[in-house]
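All values reported here derive from a predicted model rather than from experimental measurement.
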Amino acid sequence: QVQLVESGGGLVQAGGSLRLSCAASGRTLSRFRMGWVRQAPGKDREFVATINWSGSSTFYADSVKGRFTISKDIPKTTLYLQMNSLKPEDKAVYYCAADQDWGPGRDPNEYDYWGQGTQVTVSS
């Protein structure tokens, strides 16, 4: 089992930055694909970014490419999402997710483990 706990959400003005963290416990991150998924009010869950088990490959949604950076600190069992140049349309609950599969992980249904989510609000 893997337990995931997100933090770092909050309110920021458009153009600002936030860094989300996801602390994992129960299993080492070194063998897990990790991802960030977001859900805006009234919308389906949306893939944001994924990093493979070794940290050597990352994938991003077109909507965040060039603005967001996903990374993982394996010894600290922590996943990060650095979000720069935030836009009002980035407002959502952001979830950390994990599984032991391969590939970009663009379908949120692929993930087996989920955190409780952290709210990100971007004011215009």
Any residue meeting side chain to side chain donor-acceptor pair (under 3.5 Å) with T58, in chain and number order, not counting sequence neighbours = none

State plainly whether one hydrophobic cluster holds both Y95 and V2, where clusters connect Ile, Leu, Val, Met, Phe, Trp and Tyr through side-chain heavy atoms under 4.5 angstrom apart.
-> no

Report yes if some heavy atom in the side chain of W36 is under 4.5 Å from a heavy atom in the side chain of C22; otherwise report no.
-> yes

Closest heavy-atom contact between V5 and Q116?
-> CA-OE1, 3.7 Å

Ignoring hydrogens and geometry, is there a side-chain-to-backbone donor-acceptor pair from T121 to L11 under 3.5 Å?
-> no

Taking all non-hydrogen atoms of both residues, which atom of S17 and which atom of N84 are closest, and how far apart?
-> OG-OD1, 2.9 Å

Under 4.5 Å between any side-chain heavy atoms of L79 and C96, yes or no?
-> yes

Just say parallel, tilted or perpendicular for the rings of F68 and Y94, cut-offs at 30° and 60°.
-> tilted

Is there a chain of hydrophobic side chains (I, L, V, M, F, W, Y, each step under 4.5 Å between heavy atoms) that links V48 to V12?
-> yes

Calculate, to the nearest 0.5 Å, the distance between atoms CD and CZ belonging to E46 and R106 respectively.
-> 11.5 Å

Of the non-hydrogen atoms in F47 and P104, which two are nearest, and what is the gap between them?
-> CE1-O, 3.7 Å

Does D112 reach the main-chain N or O of D99 with its side chain, forming a donor-acceptor pair under 3.5 Å?
-> no

Once you round to the nearest 0.5 Å, how far does CG of L20 lie from CD of Q82?
-> 9.0 Å

Close side-chain approach of T69 and L81, heavy atoms under 4.5 Å | no

Given the rule that I, L, V, M, F, W and Y join up when any side-chain heavy atoms are under 4.5 Å apart, are V64 and V37 in one cluster?
-> no

Do R19 and Y80 meet the cation-pi criteria used here (NZ or CZ under 6.0 Å from the six-membered ring centre, within 45° of the axis)?
-> yes

Measure from the side-chain N and O atoms of R38 to the backbone N and O of V93, and report whether any donor-acceptor pair falls under 3.5 Å.
-> no

Indicate whether any N or O donor in one side chain lies under 3.5 Å from an N or O acceptor in the other, for D73 and T78.
-> no

Which value, rounded to the nearest 0.5 Å, describes the distance between D101 atom CG and N52 atom CG?
-> 12.0 Å

All heavy atoms of I70 vs all of I51, minimum pair found to be CD1-N, 3.7 Å

Heavy-atom pair of closest approach, residues R67 and D90 = NH1-OD2, 2.8 Å

Do we get R33 above Y111's six-membered ring, with its NZ or CZ under 6.0 Å from the centre and within 45° of the axis?
-> yes

Any donor-acceptor pair under 3.5 Å from E6 side chain to G117 backbone = yes

Under the side-chain contact (heavy atoms from CB on, under 4.5 Å) rule, what do L4 and M34 come out as? Steps first, then yes or no, please.
-> CA-CA 10 Å; L4 304 172; M34 305 287 295; 4.0 Å; yes

Contacts of K65 that satisfy side chain to side chain donor-acceptor pair (under 3.5 Å) - sequence neighbours left out | D62

How far apart are the closest heavy atoms of S124 and P88, and which atoms are they?
-> CB-CG, 3.8 Å

Are K87 and V122 close enough, and set up right, to give a side-chain contact (heavy atoms from CB on, under 4.5 Å), and what steps lead you there?
-> CA-CA 6 Å; K87 304 175 181 180; V122 184; 5.6 Å; no

Between the side chain of T77 and the main-chain N/O of A24, is any donor-acceptor distance below 3.5 Å?
-> yes

